[in-house]
Peer 1: 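The structure under discussion is supplied below as structure tokens; questions concerning it will follow.
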Protein chains: 2
Amino acid sequence: MAAISGGKTYHHGDLRNALICAAVDLATEGGPERVVLREAARRVGVSPTAAYRHFDGRGELLRTVKTHAQRALADSMERAAAREPGADDPALAAERRLAALCRGYVGFAVAQPGLYRAAFCVVRQAGPDESAPECRMPEPEIRAFTLFGEALDALARAGAPRRDVRPSAGAAAWSAVHGLSLLLLDGPLRRLPAQRRNAVVETTLAMVVTGARIP
Amino acid sequence: MAAISGGKTYHHGDLRNALICAAVDLATEGGPERVVLREAARRVGVSPTAAYRHFDGRGELLRTVKTHAQRALADSMERAAAREPGADDPALAAERRLAALCRGYVGFAVAQPGLYRAAFCVVRQAGPDESAPECRMPEPEIRAFTLFGEALDALARAGAPRRDVRPSAGAAAWSAVHGLSLLLLDGPLRRLPAQRRNAVVETTLAMVVTGARIP
DNA sequence: TGCCCGATGTTGACCGCATGAACATTCCGG
DNA sequence: CCGGAATGTTCATGCGGTCAACATCGGGCA
């Protein structure tokens with residue numbers, strides 16, 4: 001993520017991207033609260049206010065980082081699922097895939113705490129229009145949720161959960177891994193030794209999978 | 001929480017408490033990030049630096065609020081459980097109590113988003129001693145966890161989960177309600193209409209309970 | 001009783017950050 | 001080749017955290 005630039009000219013040439021990279025680095029190092037406009041500008045070697053030519057302000061910069069982090073999270077999930085060996089029994093395969101997605105999720109959170117927190121941080125909106133229309137589904141751009149949903153669908157096709165529970169089931173699975181991740185990162189489970197932490201993760205996974213299996 | 005004071009003297013008389021109240025109000029209104037030393041002092045009608053006679057700085061003030069919020073959360077859980085009617089079947093009673101605790105948990109989060117977030121916010125430590133000794137259990141002062149643990153114990157005594165899963169099972173249940181709360185508050189489930197939100201909550205509860213029931 | 005010290009507040013100052021206004025430098029299309 | 005649009009810069013304002021020096025109060029001891 002650390003970009004290098006050669007000659008110094010008055011015009012940077014790709015400041016927007018450079019700032020994004022710097023901001024992502026900052027978030028990676030210390031989470032969303034460390035995404036500071038001035039610091040990003042400093043790292044890129046540009047004056048603080050230059051950023052305003054490319055972003056509405058700190059808010060928009062952070063939102064960009066957030067999007068990046070959400071993508072990275074989903075990627076981690078897909079990679080984990082791809083590593084998972086298949087199975088003849090479709091139900092078993094579906095369960096394995098669900099578990100792998102969960103592991104990819106928590107794995108990303110633990111490996112990239114700063115980015116993970118950035119992926120879910122709250123960013124002040126531009127307009128004070130708090131009254132966005134209600135939304136049936138979670139913010140659509142969250143691919144992580146889509147992945148859980150699809151996995152649960154597959155499980156359903158293999159005969160497991162009641163049809164009418166979906167898509168709530170996706171949200172339930174998501175809740176479990178999200179809560180687990182946060183408790184492990186900055187929450188009260190932060191100091192668990194690795195082995196005990198693993199136990200907690202596996203227990204939670206079991207809860208998710210059996211919760212999806214049993215009507 | 002809003003305190004009134006009578007005559008104005010140079011010495012306030014109970015500044016520490018007054019500041020805490022103001023800070024809790026702030027957190028209630030806008031979460032931990034709105035707990036601002038200067039603002040708390042302003043509300044109490046005192047100069048900003050006066051707070052330093054009673055707190056190490058913003059950090060300690062916030063930590064105090066956090067503790068308060070954790071207590072309030074646990075109280076909400078216990079109240080919800082107390083409202084729950086008993087049952088003849090001990091296993092059923094145990095399941096009901098667990099569900100009630102969860103509802104009390106999520107209910108608090110939804111009713112007091114600011115306080116809830118404050119209860120789990122990260123506060124910079126005084127010394128940079130990142131290397132606290134590893135801890136087998138979650139931070140002991142978190143009564144919420146204790147409550148989940150006890151409820152699962154009761155369920156275990158009624159014959160449900162495998163012995164060896166505890167206390168991981170407590171963490172799993174906690175993860176589910178914690179993640180659910182956060183997704184509902186500022187997360188991607190924030191805009192769900194009330195009815196759909198209820199469905200998600202109930203589905204998650206079912207996951208927690210069946211997850212605890214099935215070995 | 002009266003005075004002095006420590007506890008408690010206050011002022012003033014410094015630093016970092018977000019953000020806006022006015023000014024400077026490039027670059028590119030006509 | 002030139003002028004305006006892009007893109008950066010400097011200057012200034014306001015907020016928040018925190019420190020040092022100074023002011024005030026109140027209670028205990030001589």
Side-chain angles (χ1 to χ4, degrees), chain A residues 3 5-23 25-27 29-66 118 121-128, chain B residues 3 5-23 25-27 29-66 118 121-128:
Chain A
S5 79
K8 283 269 181 180
T9 62
Y10 189 93
H11 281 110
H12 179 286
D14 193 25
L15 187 51
R16 180 165 221 277
N17 266 317
L19 285 172
I20 294 178
C21 289
D25 285 350
L26 284 169
E29 294 165 22
E33 52 275 345
R34 194 168 308 172
V35 175
V36 166
L37 217 107
R38 287 176 104 99
E39 174 65 15
R42 220 171 290 141
R43 293 194 176 194
V44 174
V46 91
S47 87
T49 52
Y52 285 84
R53 297 293 177 198
H54 302 275
F55 299 94
D56 220 4
R58 188 192 114 112
E60 197 188 324
L61 180 58
L62 223 196
R63 219 167 307 131
T64 309
V65 172
K66 177 171 173 165
C121 69
V122 196
V123 188
R124 74 138 182 67
Q125 289 302 313
Chain B
S5 80
K8 282 271 182 179
T9 63
Y10 189 93
H11 281 104
H12 179 285
D14 193 25
L15 187 51
R16 181 164 220 277
N17 267 317
L19 285 172
I20 294 178
C21 289
D25 285 351
L26 284 169
E29 294 166 21
E33 52 275 346
R34 192 165 314 171
V35 175
V36 166
L37 216 106
R38 287 177 110 103
E39 174 65 15
R42 223 170 287 143
R43 293 194 177 194
V44 173
V46 92
S47 87
T49 52
Y52 285 83
R53 298 293 177 197
H54 303 274
F55 299 94
D56 221 3
R58 186 191 117 112
E60 198 188 322
L61 180 58
L62 223 195
R63 220 168 305 130
T64 309
V65 172
K66 177 171 172 166
C121 69
V122 197
V123 187
R124 73 142 180 65
Q125 288 303 314

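So you know, we letter chains A, B, ... as the sequences are listed, proteins then strands, and number each from 1.
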Peer 1: Output every pair passing salt bridge (charged side-chain N to carboxylate O under 4.0 Å, His left out) with a member in residues 12-23 of chain A, not counting sequence neighbours, ordered by first then second residue.
Peer 2: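 The answer is A:R16-A:E60.
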Peer 1: Check the distance between C:dA7's P and B:R16's CZ and give it to me in whole angstrom.
Peer 2: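 My rounded result for the distance is 16 Å.
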Peer 1: B:A51: what forms a side chain to side chain contact (heavy atoms under 4.5 Å, CB included) with it, not counting sequence neighbours?
Peer 2: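 Scan of B:A51 (side chain to side chain contact (heavy atoms under 4.5 Å, CB included), adjacent residues dropped) gives B:L19, B:L37.
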Peer 1: Going by side chain to side chain contact (heavy atoms under 4.5 Å, CB included), name the residues that satisfy it together with B:P32, two or more places apart in sequence or in a different chain.
Peer 2: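 By the side chain to side chain contact (heavy atoms under 4.5 Å, CB included) rule, B:P32 matches B:L62, B:R117, B:A118, B:C121.
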Peer 1: If I take atom CZ in residue B:F55 and atom P in nucleotide D:dC19, what distance separates them, rounded to the nearest angstrom?
Peer 2: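 My rounded result for the distance is 15 Å.
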Peer 1: Please give, in whole Å, the distance from D:dG17 C1' to A:E33 CD?
Peer 2: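 To the nearest whole Å, that distance equals 17 Å.
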Peer 1: Given that B:R53 and A:H54 both sit by DNA chain D, which one's nearest nucleotide is further toward the 5' end?
Peer 2: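 Here A:H54 is the residue nearer the 5' end.
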Peer 1: Determine yes or no for a side-chain-to-main-chain donor-acceptor pair under 3.5 angstrom, with A:R58 supplying the side chain and A:R38 the backbone.
Peer 2: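 Checked: no pair found.
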Peer 1: Which donor-acceptor pairs under 3.5 Å do side chains of residues 40-47 of chain A form with protein atoms, sequence neighbours excluded?
Peer 2:
{"unit_1": "A:R42", "atom_1": "NH1", "unit_2": "A:E39", "atom_2": "OE1", "d": "2.5"}
{"unit_1": "A:R43", "atom_1": "NE", "unit_2": "A:E39", "atom_2": "OE2", "d": "3.0"}
{"unit_1": "A:R43", "atom_1": "NH1", "unit_2": "A:E29", "atom_2": "OE2", "d": "2.9"}
{"unit_1": "A:R43", "atom_1": "NH2", "unit_2": "A:E29", "atom_2": "OE1", "d": "3.1"}

Peer 1: Would you call A:K66 and A:V123 a side-chain contact if the rule is heavy atoms closer than 4.5 Å?
Peer 2: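 A side-chain contact exists here, since the closest heavy-atom pair is under 4.5 Å.
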Peer 1: In whole angstrom, what separates B:D14's CG from D:dC25's C1'?
Peer 2: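 Between C1' of D:dC25 and CG of B:D14: 17 Å.
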Peer 1: How close or far is atom P of C:dT8 from atom CG of B:N17, stated in whole angstroms?
Peer 2: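 Rounding to the nearest Å, CG of B:N17 and P of C:dT8 are 13 Å apart.
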Peer 1: Under 3.5 Å, which N/O atoms of the protein pair with N/O atoms of nucleotides 17-20 of chain C?
Peer 2:
{"unit_1": "C:dC17", "atom_1": "OP2", "unit_2": "A:R42", "atom_2": "NH2", "d": "2.6"}
{"unit_1": "C:dA18", "atom_1": "OP1", "unit_2": "A:L37", "atom_2": "N", "d": "3.3"}
{"unit_1": "C:dA18", "atom_1": "OP2", "unit_2": "A:L37", "atom_2": "N", "d": "3.3"}
{"unit_1": "C:dA18", "atom_1": "OP2", "unit_2": "A:R38", "atom_2": "N", "d": "3.2"}
{"unit_1": "C:dA18", "atom_1": "N7", "unit_2": "A:R38", "atom_2": "NH1", "d": "2.7"}
{"unit_1": "C:dT19", "atom_1": "OP1", "unit_2": "A:R124", "atom_2": "NH2", "d": "3.4"}
{"unit_1": "C:dT19", "atom_1": "OP2", "unit_2": "A:Y52", "atom_2": "OH", "d": "3.0"}
{"unit_1": "C:dT19", "atom_1": "OP2", "unit_2": "A:R58", "atom_2": "N", "d": "3.0"}
{"unit_1": "C:dT19", "atom_1": "O5'", "unit_2": "A:Y52", "atom_2": "OH", "d": "3.3"}

